[in-house]
Amino acid sequence: MNAVRPAFLALLLGTAALVVPAQAETIEVTIDRLAYAPAAIEAKVGDEIEWINKDALVHTATVNGGAEVLLPAKKSGRLLLQEPGSFDYICRYHPNMKGHVTVRP
Amino acid sequence: MTIRLTTVAAAIALSLGGNWVLAGDKPTDPQIAHIAYTAGVLDVEAAKQAIATSKNKAVVEFAESMVRDHESVNKQALDLVKKLNVTPEDNDTSKALSQAAETKRSELAKLTGADFDKAYVENEVAYHKQVNGALETLLIPSAQNAELKSLLETGLKLFQGHQQHAEHVATELK
Ligand SMILES: [Cu+2]
């Protein structure tokens with residue numbers, strides 16, 4: 001039994017290694033002249049979005065009834081994606097700026 | 001010179017109609033810089049009046065956006081004219097814009113509550129339409145300096161957004 005246990009553990013760990021989710025990534029969205037580019041992105045839970053605001057204007061990335069990231073002029077902001085789903089977001093100051101995120105589990 | 005500047009003023013006035021055909025005479029870069037800057041200052045002043053007067057959340061938020069954005073753009077414009085060593089030049093179009101804004105401001109000063117909100121937002125729609133028309137048909141095509149042109153193009157995108165935002169608030173007020 002004692003001899004079996006290390007092997008069993010090794011097997012468990014091995015299996016565990018296989019199901020560890022892929023490395024979390026940072027997905028960049030650039031804001032230039034009042035537009036998110038790319039406007040639609042796909043990500044997975046654990047990834048981060050980084051919005052890089054190239055405009056000299058303050059923007060936000062605001063999910064209706066949800067998270068909001070403030071993006072000062074010429075600065076960037078990040079959001080950790082914690083739950084799966086499909087989200088539209090806008091800039092609260094310029095509501096005609098529209099983006100979309102699909103978060104896979 | 002006087003004739004040319006009058007043409008510019010007429011262009012701004014007529015751009016509301018949208019049927020105006022671009023005349024041969026064009027404003028110079030120092031004049032364009034002055035017109036664009038003045039248009040921004042006037043909208044900031046209108047917004048400050050709205051922030052002081054209105055009790056409507058959507059209206060105040062819109063006005064705050066106008067202050068924030070037009071001040072940013074005008075700061076960029078000032079940095080640019082400094083860099084280019086251009087002195088903005090006062091002209092009839094800037095004067096006409098200021099005159100119209102002053103008239104509007106005293107009109108609005110007599111209103112309160114929902115009447116004020118409605119009149120302010122409707123004027124914002126019309127004002128941004130007018131400025132966007134002038135940018136599209138006259139100021140951007142006339143700008144000689146590439147950086148000035150690019151700043152005006154960014155301004156146009158922004159002000160089109162403001163127009164949509166104002167239209168949206170106007171619908172909410174109805
Ligand atoms: Cu924005």
Side-chain angles (χ1 to χ4, degrees), chain A residues 26-43 48-81 85-102, chain B residues 36-37 40 43-44 47 51 57-83 121 124-125 128-129 132 135-136 140 146-172:
Chain A
T26 296
I27 297 147
E28 289 185 359
V29 176
T30 302
I31 302 176
D32 194 12
R33 288 197 172 177
L34 296 113
Y36 302 108
I41 54 169
E42 284 203 22
E48 281 192 298
I49 305 177
E50 179 173 29
W51 285 275
I52 300 163
N53 181 8
K54 296 199 166 169
D55 285 343
L57 303 163
V58 188
H59 295 300
T60 73
T62 306
V63 179
N64 197 3
E68 171 164 293
V69 181
L70 187 70
L71 305 164
K74 306 275 180 191
K75 296 252 157 54
S76 57
R78 298 172 80 92
L79 178 69
L80 175 65
L81 301 169
S86 187
F87 308 97
D88 286 321
Y89 68 90
I90 58 162
C91 170
R92 194 155 51 86
Y93 301 142
H94 311 108
N96 53 329
M97 292 172 63
K98 294 185 175 106
H100 189 87
V101 192
T102 309
Chain B
Y37 189 82
D43 202 46
V44 169
I51 292 166
K57 189 167 170 271
V59 172
V60 172
E61 278 180 0
F62 170 80
E64 284 168 350
S65 272
M66 295 309 105
V67 174
R68 189 186 309 112
D69 285 351
H70 285 286
E71 281 183 347
S72 306
V73 170
N74 272 2
K75 191 185 166 297
Q76 287 180 76
L78 281 187
D79 291 348
L80 181 62
V81 294
K82 211 172 177 184
K83 182 183 152 196
V121 173
E124 284 299 294
V125 173
H128 281 91
K129 246 185 215 168
N132 290 339
L135 279 167
E136 257 175 320
I140 292 171
E147 284 180 85
L148 178 62
K149 201 187 266 281
S150 162
L151 181 60
L152 294 170
E153 280 163 355
T154 304
L156 176 60
K157 273 241 170 100
L158 176 66
F159 305 160
Q160 283 169 339
H162 289 172
Q163 187 188 325
Q164 286 174 26
H165 192 174
E167 280 163 353
H168 180 76
V169 177
T171 329
E172 278 184 357

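We name chains A, B, ... by the order of the sequence lines, and we start the count at 1 in each one. No hydrogens, no waters, no symmetry mates; every other heavy atom, side chains included, goes into these values.
Among all heavy-atom pairs drawn from Arg33(A) and Lys157(B), the shortest one is O-CD, 3.4 Å.
For Ala56(A), the parts lying near chain B are the backbone and the side chain together; criterion is any non-hydrogen pair under 4.5 Å.
Note that the OH atom of Tyr93(A) and the CD atom of Glu64(B) stand 8.5 Å from one another [nearest 0.5 Å]. Taken to the nearest 0.5 Å, the NE2 atom of His94(A) stands 5.5 Å off from the OG atom of Ser65(B). Taken from NE2 in His168(B) to CG in Asn96(A), the straight-line distance is 11.0 Å, to the nearest 0.5 Å. With rounding to the nearest 0.5 angstrom, the CG atom of Leu158(B) is 10.0 Å from the CE atom of Met97(A).
Among Leu34(A), Val58(A), Asp32(A), the residue with the largest count of heavy-atom pairs under 4.5 Å with chain B is Leu34(A).
Put simply, the side chain of Leu57(A) does not reach to within 4.5 Å of the side chain of Arg68(B), judged on heavy atoms.
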